[in-house]
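This report concerns only the one structure given below.
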Amino acid sequence: MREQDSTLTIKELTSAYAREGVTFAQGRGGLPLVCLQNAEQSAEIYLHGASATSWRSADGAERLFLSERAIFAPLKPIRGGIPLVFPQFGPGALPSHGFARDRPWRVVASASNGQQRSVTFELVTSGETRIIWPFEFRSRLTFSLGSKLSVELVIENLDSKPISFQWAFHTYFLVSDIATTTVRGFEGLTYLDNLANKRASIDARTTASIAEEVDRIYCRAPDKIDIFDRGAELVSIEKHGLPDAVLWNPWIEKSKRIADLSAEDFRRFVCVECGVIEKPQVLSPGSGFTASMVLASRQVQRAG
Ligand code: TA6
């Protein structure tokens with residue numbers, strides 16, 4: 001087996017990690033992906049950026065938005081699904097949103113038990129990452145599909161000095177129309193407005209609706225956030241170890257400046273991004289950080 005599993009062929013990945021309901025295929029751009037499938041749901045995750053691009057809930061409905069113009073190529077993030085933000089959120093000393101989303105993760109484990117399917121990806125320090133971010137780390141991400149879709153993160157500091165980082169699941173939720181989409185969980189929270197130089201304000205609304213470009217970091221958000229589509233609950237988000245949540249929609253004008261979005265795409269998604277953003281996470285040498293996000297869709301919740 002070649003040293004870097006991220007360069008394994010589909011045949012080698014299958015031989016090493018295929019299980020019942022855990023299969024590998026060649027996806028767009030010839031990039032390898034893993035398909036998780038059980039009696040109720042399915043998910044697709046590319047090894048590139050360990051990026052989920054599809055999650056179909058119990059009724060077969062797709063819950064993630066994926067741009068038709070998404071680019072599937074090395075060093076390019078996929079527009080849609082669940083891109084990973086690490087070690088930096090947004091612009092700054094490093095490339096915007098860091099490097100975790102645009103380089104290959106390798107598969108290190110998989111499992112199938114009853115209706116539960118899981119696959120674990122790993123990204124560790126490389127020559128390339130050291131140039132961008134001169135720290136030794138290991139990150140592991142486990143996607144588990146059962147009656148919900150769970151993503152569990154472990155980041156370890158393998159360096160002799162402390163590391164400080166931000167993390168976010170930059171999730172694009174598919175909606176029928178942004179104009180009839182609302183998000184519940186931000187009432188009374190302080191948010192930093194990325195459209196006003198991170199000015200702090202309080203959102204007093206019981207539910208957040210979107211009728212213009214929105215780009216807000218809600219600080220110390222509740223661990224349960226719900227997205228409603230035309231008044232009906234669409235997806236429930238449960239987060240652990242991730243204090244903040246970003247609400248983003250580019251609306252009309254910003255969408256025109258995003259090459260891998262078509263002009264009307266903004267109407268079809270809302271980004272609710274669970275992360276550790278306002279106050280970066282600091283890890284002492286040898287210590288670890290764990291966090292998780294659990295996504296449940298309405299139909300799945302009714303199934304209990
Ligand atoms: O999460 C919101 C945000 O930081 C926005 O400011 C916007 O830049 C968005 O992420 C998408 O960023 P990307 O680098 O994927 O185009």
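In each ligand, atom 1 is the first atom listed, and ligand 1 is the first ligand listed. Because the structure is a prediction, the values reported are computed rather than measured.
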Report summary line: Result for ring pair (Phe, Tyr, Trp, His ring centres under 6.0 Å) between F165 and one of F135, F89, F289 points to F289
Query raised in the report: Does the separation of the ring centres of Y46 and F72 fall below 6.0 angstrom?
Result: yes
Report task. Output yes when the distance from some N or O of ligand 1 to some N or O of H170 is under 3.5 Å, and no in every other case. Result -> yes
**Report entry** Any N/O pair H97/ligand 1 closer than 3.5 Å
**Finding:** yes
Query raised in the report: Looking at side-chain heavy atoms only, is the closest gap between T125 and R130 below 4.5 Å?
Result: yes
Query raised in the report: Within less than 4.0 angstrom of ligand 1, does D215 place any heavy atom?
Result: yes
**Report entry** Nearest-contact summary for atom 16 (O) of ligand 1 - protein heavy atom, Å
**Finding:** R79 NH2, 2.9 Å
Report summary line: The closest protein heavy-atom partner of atom 15 (O) of ligand 1 is R101 NH1, 2.8 Å
Query raised in the report: Would S112 and R117 count as having a side-chain donor-acceptor pair, cut-off 3.5 Å?
Result: yes
Query raised in the report: For ligand 1, is any non-hydrogen atom under 4.0 Å from E213's backbone (N, CA, C, O), its side chain (CB onward), both, or neither?
Result: neither
Requested in this report: With heavy atoms under 4.0 Å as the rule, classify the contact between K254 and ligand 1 as side chain, backbone, both or neither.
Outcome: side chain
Query raised in the report: Would R267 and D265 pass as an ion pair if we require N to O under 4.0 Å?
Result: no
Query raised in the report: Any cation-pi pair here, R268 with F65, using under 6.0 Å and within 45°?
Result: no
Report task. Run the numbers for me: atoms of ligand 1, each under 4.0 Å from some heavy atom of E273, listed by number. Result -> 1 (O), 2 (C)
